[in-house]
Amino acid sequence: MSNDFEPKIAAFLCTWCSYAAADLAGSSRIQYPPNIRVVRVPCTGRMDPFLLIKAFNMGADGILVSGCHPGDCHYLDGNLYARRKFVMLNELMQFAGVKKERLNFTWCSASEGKRFADVVNKAVKRVKSVGPWQGFDGKGFQSKEGELISEEL
Amino acid sequence: MMIKKADQESILKLLNNLKNDYNIAAPVLLKKGKKEIVEYVFIDDLNDIYLDRQPDSSPKNIVFPQNSAIGKDYSGDKLYDPEKKTILWGVRSCDIEAIKTIDQVFIEDEMYTDQSYKANRDKTIIVGLSCEEREKNCFCDALGFNPIESDYAPIYLFIKEDQYYIKIKEKEYESLFSSLFDGDQTELNELLKLREKDFNSSEFEIDIPIPLPEKDIFEAEIWDEMSEKCLSCGVCTYYCPTCYCFNFFWDGNDHDSTRYKNWDSCMFTTYSAHASGHNPRDSKDKRYRNRIMHKFSYHPFNYEGLGCVGCGRCISRCPVNLDIREALKLTEKYLQTKGGAKKDG
Amino acid sequence: MKNYDQITEEIRKIAKKILNDKTVDKVIGFGLGTINQEITPLFISKAEGAKKLVFNKNSHMSLAKYLLNYKNEDVAIVAKPCDSRAINTYLSEKIINRNDIKVIGIQGCPGIEGNTACLECEVRNAVISDYDVGEKISKKKTNQLKEEKDFDSLSPEERFKYFRNEFERCTRCYACREACYVCYCKECFTESNQPEWLNKSVSLNENFTYHLMRAMHMAGRCVNCGACELACPEGIDVRALAAKMYNTATEIFDYKVGMDQKQKTLLAEYDVHDSEKGFME
């Protein structure tokens, strides 16, 4: 676990709130670490838990899911369905031995640019504390891929 | 031909010497969760060799591994050295016949030769093992195979308590066993005679024309009844010593990928699915029909011999006890009532 | 609690009766293989065949799955308590029609040999039945398994290692999937190539992913019957993940699968005051 480890975090953000919050954080010049790779989803209710498992399968060091606060869903109750799924997924992954620091679920509304930056900061700190994800087989992922992606950035 | 005789200790000593120049694969009793399973694996500790019962998995995974990267040499096993030849120790008659069946398709076929399989096979020396008694579900003698000896293996073991008789049929392998004492031919023959007498004849007998007449039974209504309880999992094909279907695919990420060759199973719905979405074998009776017909009709038609060697693993390992013998009985009955049963097909 | 032989007798009697008076066309039950005398699913459509029906200590298959082959046909099914919950789930998911099926429910199930799930069984009586066999017993929760394999006391690393060891052996024959009553999807995620959830290669990474994804599909639908584990030819502890999902549903959401045919599945409904266990603060 070296200190210069920069985790890759797959972030699934709801387009109506957290994605807008990320925008707000940017336009308000609030700094947050560039470790997240944002995937924009129409609603956290759309989030198939498989996407999160697949993220680990493909080498993400951690995941971040952020949607509207309960009660604020653009589609009324999408995030309420999502909440149950995430609780179950969280329990499952932890049971299977994936450290809880890699699994980050939270709510973040469109006006919470500051909070979004805090959330990302915290998530990155959490994932950093458990080191690189070595895959389900423990063999690790070739760093080549990570380098290429960071070059593109 | 040469006969050698040895006790267990000197056999282990011999194998220990051979280990320097050969990979040794043999049945080993493995504790897997709650189950104890005998499987063919590459071994280091020769005391692990377990020959007391029929292995639960076939030696297919040694000559034709489930998952192999194309262009790489059977990389899965740490104990496997691609530079060395492999001695496949203690293979029973049914599995030897099964390897023969796969050889027919991948090597002896006039049109195509599977180079990766051939490379594996050329490096493999099969050492056969004579069966002493019938296992619960096996029926190789009912299909006309000899459980006591198969001609396809160049070396054969006959074990009586602690005594090993080794029959070496090919000259090139005689040097391997030169350190052992010579055995007596008549002594071995007597053992064989005794064993043949003791081998209780199968309760299961079958009288069907080989190859099965496709046009008589393809449309028959028996398949539904046979496959009613089938779950469409791949257990029977994965543990079958003769099933050789495989599939190619890429695996990896955007920057690095490998082409793999993997076992496939005709019991899976996707096996025969077309890209268009059409699936000619869309229900389990059709898939099960294909399995039976391939073993007893198409294979015998295209090559010699049968596609099934009667090892009984598909029966013992099936989660719902779907019995291939019952399927054959049903076919037999159907053909007899239809008057289509002729011995020579 | 009645024993296996008594239950077998009662099943035969009922099967004979309902086949005779044409209440149903077919009875799905357990029987013995004609050649090796081992337990196997049996489909009886003539009253004379009813005497072939058996229920013994090895009757581990989940027969509920076969109901899907007989949609819109009148069939009767021999249902252990776990199977009866599976049937309830099918009814609640509107996969089958209540009017089409007759359930021969086993009350006071004596359990299946070698099935660790039976030690955790909470119902012991069929929760849906048209004909009862056996006699009802009071619920008694046994926790023998917990002592044998206490996952809670293991660290995440130890659990990770345990599951790696287990899933390393997986050959992806999909017997666990096919034996499971939950897995009736027309196209399984393992076969989907758009998106490709899973690579086809049999490697630990893919095997682990497969089992996690399958367990996620089990969430709130698994009845913890243990059919997957007994179907596995490699003796993998397939049930552990699904059982975790089952227990989590009970602990966090107080949800029990298949107790009522009108019950919605766990992930198909919500409560405004649901727990947010494990969420970031």
Side-chain angles (χ1 to χ4, degrees), chain A residues 45 48-59 64-67 69-71 73 76-108 118-120 122-123 125-126 130 134-141, chain C residues 151-152 154-164 167-168 189 192 195-199 203-220 240-245 247-249 251-253 255 265-281:
Chain A
D48 193 328
F50 282 20
L51 291 167
L52 305 174
I53 301 173
K54 185 72 179 169
F56 283 113
N57 172 296
M58 295 177 77
L64 169 67
V65 182
S66 180
H69 289 278
C73 181
L76 305 179
D77 53 6
N79 55 0
L80 297 173
Y81 286 112
R83 184 161 60 177
R84 282 199 164 182
K85 279 191 237 169
F86 296 151
V87 169
M88 294 304 269
L89 180 77
N90 200 354
E91 290 286 313
L92 173 70
M93 297 296 269
Q94 285 189 34
F95 180 71
V98 178
K99 294 224 175 74
K100 62 174 185 287
E101 283 81 4
R102 300 193 192 280
L103 304 149
N104 304 293
F105 303 105
T106 192
W107 314 122
C108 203
D118 289 347
V119 161
V120 177
K122 199 169 168 190
K125 213 167 134 193
R126 270 162 64 101
V130 289
Q134 299 293 344
F136 292 116
D137 51 6
K139 283 183 192 156
F141 291 87
Chain C
F151 284 112
D152 295 340
L154 298 178
S155 69
E157 286 85 3
E158 283 168 322
R159 285 199 299 268
F160 202 22
K161 202 175 152 213
Y162 174 78
F163 285 117
R164 271 188 204 168
F167 298 145
E168 189 149 40
F189 69 89
S192 149
E196 191 180 29
W197 292 117
L198 216 54
N199 285 332
S203 62
L204 180 52
N205 200 26
E206 298 304 315
N207 293 352
F208 210 118
T209 312
Y210 160 66
H211 285 283
L212 280 179
M213 285 184 172
R214 204 181 84 88
M216 202 53 223
H217 266 183
M218 297 289 116
L241 293 180
K244 173 67 185 172
M245 292 284 86
N247 292 333
T248 309
E251 277 162 30
I252 299 184
F253 300 106
Y255 179 85
T265 44
L266 177 73
L267 299 182
E269 59 177 356
Y270 62 85
D271 186 81
V272 182
H273 306 293
D274 269 342
S275 149
E276 289 191 6
K277 195 181 172 203
F279 274 51
M280 239 161 73
E281 272 129 46

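Below, read A as the first sequence line, B as the second, and so on, with proteins coming before strands; counting in each chain starts at 1. Hydrogens, waters and symmetry mates are skipped; everything else that's a heavy atom, side chains included, is used.
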Distance under 6.0 Å and angle within 45° of ring axis: A:R84 vs C:F253: yes
Ranked by heavy-atom pairs below 4.5 Å to chain A, first place among C:L154, C:D271, C:T209 goes to C:T209
Among C:L241, C:D274, C:L212, C:N205, the residue with the most heavy-atom pairs under 4.5 Å to chain A is C:N205
Minimal heavy-atom distance between A:M88 and C:A219, with the atoms involved, is CE-CB, 3.9 Å
When the 4.5 angstrom heavy-atom criterion is applied to C:A249 and chain A, the contacting part is both
Counting heavy-atom pairs under 4.5 angstrom with chain C, the leader among A:D77, A:N104, A:V65 is A:D77
Per-residue tally against chain C (heavy atom, under 4.5 Å) across A:K100, A:K122, A:M93 peaks at A:K122
Turns out that what part of C:F163 lies under 4.5 Å from chain A's heavy atoms comes down to side chain
When the 4.5 angstrom heavy-atom criterion is applied to A:V119 and chain C, the contacting part is both
Answer key: most heavy-atom pairs under 4.5 Å with chain C among A:L51, A:T106, A:V98, A:V87 is A:V87
Counting heavy-atom pairs under 4.5 angstrom with chain C, the leader among A:N57, A:L64, A:L103, A:I53 is A:N57
Margin query: What I want to find out is whether C:E157 reaches A:K99 closely enough, with some N-O distance under 4.0 Å, to be called a salt bridge.
Written below: yes
field: Salt bridge flag under 4.0 Å for residues A:D137 and C:R164
entry: no
Decide yes or no for C:F151 and C:E158: does some side-chain heavy atom of the first lie under 4.5 Å from some side-chain heavy atom of the second? no
Donor-acceptor pair between C:E206 and C:S203 side chains, under 3.5 angstrom
no
Ranked by heavy-atom pairs below 4.5 Å to chain A, first place among C:N207, C:L266, C:V272 goes to C:L266
Bottom line for A:N90: the part with an atom under 4.5 Å from chain C's heavy atoms is side chain
Is the A:Y81-A:F86 ring centre distance short of 6.0 angstrom?
no
**Asked** Are the ring centres of C:W197 and C:Y210 closer than 6.0 Å?
**Response** no
If you tally heavy-atom pairs under 4.5 Å between each of A:Q94, A:R83, A:R126 and chain C, the highest tally belongs to A:R83
